[in-house]
Amino acid sequence: MAGKTFVVTSGKGGVGKPTATANIGAGLALRGKRVIVIDTDIGLRNLDVVLGLENRIVYDLVDVVEGNCKLNQAMIRDKHTNELYLIPAAQTRDKSAVKPDQMKNLRDHLKEEFEYIIIDCPAGIEQGFQNAIAAADRAIVVTTPEVSAIRDADRVIGLLEAAELPIPDLVINRLRPGMIKQGDMMDKKDILELLSVQLLGLVPDDEHIIVATNKGVPVVHDSRSMSGEAFRRIASRIEGEDRPFLNLENGHGVFSKLRKFVGLKGGDFTDD
Amino acid sequence: MIDLLRWALQRQERSKDAARQRLQLILVMDRVGLAKEHMEAMKADIIRAVSKYMVVDHESIEMDMKRSGDSLVLVSNIQVKDIIRAAITE
């Protein structure tokens with residue numbers, strides 16, 4: 001097997017990077033793919049709690065690269081899908097504990113066993129970022145429709161280009177259809193005009209995500225949530241399917257709400 | 001009535017336009033800051049072009065990207081010592 005390696009990165013913190021990593025990983029696993037997600041945010045681990053696996057951690061990424069355990073001892077199997085595994089970040093060390101060459105070596109071993117290796121990158125553009133991107137074939141950049149997040153995304157896109165990665169895939173998170181309709185939030189078109197990327201997904205600002213993180217079950221498992229649908233579509237696009245983007249730019253009309261209320265199919269998600 | 005009109009006009013101002021315009025400038029400034037070698041190469045090209053027509057003081061040349069209101073401008077300060085007449089009559 002020759003797995004594909006993605007790094008999920010953003011520059012700015014607080015845009016929902018671990019959530020995106022967990023949901024993309026779980027979304028691919030739901031499609032029957034063998035997936036491993038790696039948290040490289042050493043000292044500030046997060047991916048374990050988004051996946052609800054925090055109680056199962058014995059060994060971590062630093063243990064693996066330092067040879068304190070076997071690789072498969074640090075791989076934690078997901079509770080909800082048989083095909084998803086996590087390698088957690090170390091919580092008590094710092095970002096210099098892992099080197100880019102060690103990440104490449106780890107990737108080479110994991111490629112034998114997994115179809116997708118998804119690396120969650122820490123915020124910032126320092127050593128942790130360099131470690132996370134060293135092993136990646138492709139990059140997914142997560143942003144929100146805000147000036148500061150887009151500015152940092154642009155910095156990261158420049159660094160990914162300098163590292164000779166292909167044009168990154170963009171996920172725009174926390175879109176609010178009502179604000180876009182009012183003209184108080186940049187939409188898909190505005191953002192794509194500013195950044196040199198290709199669009200991978202549009203994710204709405206959705207209360208279901210907070211509920212999902214509270215429970216430790218990625219929202220992609222929630223068939224009724226809009227953000228879950230967004231991540232299911234992202235997973236299918238990564239697999240090469242041509243799925244329409246969710247329509248997050250016109251607010252929700254009375255009729256779509258009514259259809260949803262009476263439980264009619266097709267009322268939940270409207271395409272762009 | 002005036003209040004209603006003012007309210008209607010305020011509604012026209014969409015804050016996303018401000019965000020987009022600010023970002024356009026910010027990103028260009030950031031990208032210029034990162035591409036120092038590009039700036040040096042451009043400076044050399046401009047000096048070469050100007051030198052075909054004028055004798056300039058190479059030591060005193062200043063060139064910079066600056067923000068001027070809502071737009072980005074390339075400001076260059078080149079001290080001219082003499083005009084090359086052959087270039088004018090050409």
Side-chain angles (χ1 to χ4, degrees), chain A residues 10-12 15 124-126 129-130 133 141 143-165 167-168 170 172-197 202 204-205 248-251, chain B residues 1-50 58 60-78:
Chain A
S10 66
K12 187 177 177 297
V15 300
I125 51 174
E126 296 86 21
F129 171 81
Q130 298 299 340
I133 69 165
V141 175
T143 191
T144 57
E146 291 152 316
V147 175
S148 54
I150 291 169
R151 179 194 206 170
D152 291 356
D154 189 65
R155 275 301 304 273
V156 160
I157 290 161
L159 292 170
L160 292 168
E161 196 187 311
E164 294 179 348
L165 269 92
I167 294 173
L170 186 74
I172 310 174
N173 197 14
R174 304 217 181 106
L175 286 158
R176 294 171 71 167
M179 291 191 75
I180 292 173
K181 197 180 180 188
Q182 277 178 40
D184 283 326
M185 181 175 274
M186 284 181 282
D187 61 22
K188 170 183 82 177
K189 182 170 163 283
D190 298 322
I191 295 167
L192 291 177
E193 276 172 9
L194 292 162
L195 302 176
S196 7
V197 287
L202 302 174
D205 192 23
L248 301 176
E249 310 202 335
N250 293 319
Chain B
M1 189 63 198
I2 297 283
D3 282 346
L4 192 69
L5 194 66
R6 189 176 295 147
W7 176 81
L9 286 173
Q10 269 174 354
R11 297 292 309 154
Q12 300 277 309
E13 277 177 38
R14 306 184 307 167
S15 67
K16 81 149 187 184
D17 296 332
R20 209 182 50 222
Q21 279 159 19
R22 288 173 61 215
L23 265 168
Q24 273 165 355
L25 273 180
I26 292 167
L27 297 193
V28 174
M29 294 297 286
D30 285 355
R31 288 170 190 167
V32 164
L34 291 170
K36 285 250 155 50
E37 306 117 59
H38 274 84
M39 287 296 283
E40 287 304 314
M42 184 185 70
K43 195 170 159 181
D45 279 352
I46 290 173
I47 293 167
R48 206 174 302 125
V50 172
H58 285 243
S60 70
I61 293 167
E62 286 169 26
M63 214 171 280
D64 209 355
M65 302 284 275
K66 285 199 174 95
R67 201 174 280 193
S68 166
D70 280 348
S71 51
L72 188 73
V73 292
L74 173 67
V75 182
S76 116
N77 209 331
I78 305 175

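Excluded from the calculations below are hydrogen atoms, water molecules and symmetry mates; all remaining heavy atoms, backbone and side chain alike, are included. Naming: A, B, ... by sequence-line order, numbering from 1 per chain. All of these numbers come straight from a predicted model, not from anything done at the bench.
- Of the two parts of A:M185, only the backbone, made up of N, CA, C and O, holds a non-hydrogen atom closer than 4.5 Å to a non-hydrogen atom of chain B.
- Residue A:K12 holds its NZ atom at 11.0 Å from CD1 of A:I150, rounded to the nearest 0.5 Å.
- By number of non-hydrogen pairs under 4.5 angstrom with chain B, the leading residue of A:I180, A:L195, A:D187, A:L194 is A:L194.
- Note on A:D152 versus A:R155: no salt bridge recorded, every NZ/NE/NH1/NH2 to OD/OE distance being 4.0 Å or above.
- Side chain to side chain, A:T144 and A:E146 meet the donor-acceptor criterion of an N or O pair below 3.5 Å.
- Here B:R31 pairs with A:D154 in a salt bridge; the nearest charged N to carboxylate O distance falls below 4.0 Å.
- In this structure, chain A has heavy atoms under 4.5 Å from both the backbone and the side chain of B:R20.
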